[in-house]
Asks: 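Let me give you the structure first, and then I'll get to my questions.
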Amino acid sequence: MSFKIFFTQLIISFMFLLGSVSMGQVEFTLPLMYHDTSMIFHDTIYWGLRPGASYCATDSGEVELPPMACGISACVHFADVMPIGNGACMGQGTYLDVRPSYSSSQIDTYKVVFVSIFPITFHWLPTLYQYYDSAKITRSGVSSPAINMFTQDSLFIDNPSVSAIKIFTYGPKQPNGVGEFWNEQPMQFSLEQNYPNPFNPSTNFGFRIANFGFVTLKVFDVLGREVAKLVDEKKEAGKYSVQWNAEGLPSGVYFYKLQAGEFSSVKKLLLMR
């Protein structure tokens with residue numbers, strides 16, 4: 001290691017200890033759950049901070065959500081609220097909105113847009129105080145006071161005029177006492193839209209498992225014939241990602257199905273040569 005590199009790293013380390021350099025001090029992912037009254041439709045999207053994150057769909061932590069990913073009852077995703085001219089590029093929105101972490105005094109805004117059968121309820125962690133100095137949530141489209149997310153852990157919406165909510169966070173916390181970061185595990189089953197989509201010839205499937213059990217993930221053509229078996233085993237609770245190479249298959253619409261215990265979900269994907 002050259003003296004110049006060593007000296008630079010020494011200065012950065014010194015400034016980090018003084019609190020002047022805060023890039024990368026915090027990293028966490030938090031769930032935002034939503035459901036209707038009957039719980040017929042329910043899912044989770046994720047938000048948070050991590051060093052080096054970007055707003056762009058090309059970033060490894062942010063996956064663009066095509067319109068076909070929306071279900072019959074609900075379409076819920078994050079929307080980019082970056083000011084015009086700052087390179088917004090998330091398009092239709094994402095399941096996961098992870099912002100770059102800068103300093104303990106920053107303010108971040110997460111906008112969640114949705115089309116659903118009302119009423120719809122959003123839930124968040126009752127322990128948000130571990131991650132932020134302050135967090136508030138508001139309804140877009142109506143005049144109502146902001147809700148303190150530290151004293152309330154859900155928001156019930158039955159007004160069709162409300163098609164978006166905004167989360168305002170202030171001052172992300174430092175890592176915990178043992179130098180680790182909090183990172184919440186999935187709290188229910190879900191199957192995400194594949195990415196990229198359309199694709200050629202490879203694409204990725206993300207899914208979440210709530211508890212230990214036997215899991216299958218299969219791909220079918222439009223006639224219902226199985227063309228690929230990607231997962232066929234027991235898995236622990238957690239988040240997973242599986243890649244599929246469709247080399248040799250013709251262009252067209254396909255379907256993929258996740259089966260985990262009583263949970264089952266099917267989504268559509270498009271192979272374009």
Side-chain angles (χ1 to χ4, degrees), residues 28-48 60-66 68-77 94-96 98 116 120-125 127 180-199 201-250 252-271:
F28 47 76
T29 304
L30 306 171
L32 180 66
M33 294 76 72
Y34 60 89
H35 63 80
D36 67 345
T37 302
S38 65
M39 292 295 290
I40 292 177
F41 79 83
H42 55 86
D43 209 338
T44 305
I45 56 179
Y46 290 84
W47 55 294
S60 61
E62 294 175 330
V63 179
E64 189 168 346
L65 172 61
M68 68 172 61
C70 300
I72 297 176
S73 299
C75 177
V76 181
H77 57 258
T94 68
Y95 284 118
L96 177 65
V98 179
S116 71
I120 183 172
T121 302
F122 289 90
H123 291 272
W124 53 88
L125 293 179
T127 54
E180 297 177 350
F181 299 110
W182 292 282
N183 204 37
E184 299 302 323
Q185 293 297 316
M187 304 186 74
Q188 60 187 32
F189 296 95
S190 68
L191 176 63
E192 298 177 359
Q193 185 64 40
N194 65 298
Y195 181 79
N197 189 45
F199 69 100
S202 297
T203 188
N204 297 282
F205 303 96
F207 59 94
R208 302 188 285 271
I209 303 300
N211 49 53
F212 177 77
F214 196 82
V215 178
T216 61
L217 178 62
K218 300 177 181 180
V219 182
F220 302 87
D221 62 17
V222 292
L223 298 178
R225 296 174 299 195
E226 182 181 318
V227 298
K229 183 183 291 184
L230 307 178
V231 178
D232 187 33
E233 62 184 358
K234 290 185 177 181
K235 285 189 173 293
E236 299 284 349
K239 291 187 285 188
Y240 296 91
S241 178
V242 178
Q243 186 178 67
W244 179 46
N245 189 320
E247 191 68 46
L249 290 174
V253 174
Y254 292 83
F255 297 89
Y256 59 104
K257 178 180 180 180
L258 177 70
Q259 184 75 47
E262 296 182 355
F263 174 82
S264 178
S265 181
V266 178
K267 292 187 182 295
K268 182 169 60 175
L269 66 161
L270 178 61
L271 172 59

Asks: Which distance, rounded to the nearest 0.5 Å, do you find between the CG of Leu258 and the CZ of Phe263?
Replies: 5.5 Å
Asks: Has the side chain of Gln193 got a donor or acceptor atom that lies under 3.5 Å from a matching backbone atom of Lys268?
Replies: yes
Asks: Please report the shortest heavy-atom distance between Pro31 and Trp47, naming the atom on each side.
Replies: O-NE1, 3.7 Å
Asks: Say you draw a straight line from NZ of Lys267 to OH of Tyr256; how long is it, rounded to the nearest 0.5 Å?
Replies: 6.0 Å
Asks: So among Leu217, Val266, Thr216, which one has a side chain to side chain contact (heavy atoms under 4.5 Å, CB included) with Gln259?
Replies: Thr216
Asks: Looking at CG of Leu271 and CZ of Phe199, how far apart are the two atoms once the value is rounded to the nearest 0.5 Å?
Replies: 4.5 Å
Asks: Nearest 0.5 Å, please: how far is OH in Tyr240 from NZ in Lys235?
Replies: 5.0 Å
Asks: Kindly assign one of parallel, tilted or perpendicular to the pair Tyr254 and Trp244, based on the angle between their ring planes and the thresholds 30° and 60°.
Replies: perpendicular
Asks: For the atom pair CE (Met33) and CZ (Phe122), what is the distance rounded to the nearest 0.5 Å?
Replies: 11.5 Å
Asks: Rounded to the nearest 0.5 Å, what separates atom CZ in Phe220 from atom NZ in Lys229?
Replies: 9.0 Å
Asks: Do the non-hydrogen side-chain atoms of Ile120 and Val76 ever get within less than 4.5 Å of each other?
Replies: yes
Asks: Please check: side-chain N/O of Ser241 versus main-chain N/O of Gly206, any donor-acceptor pairing under 3.5 Å?
Replies: no
Asks: If you look at every heavy atom in Val231 and Val242, which pair is closest and at what distance?
Replies: CG2-CG2, 3.7 Å
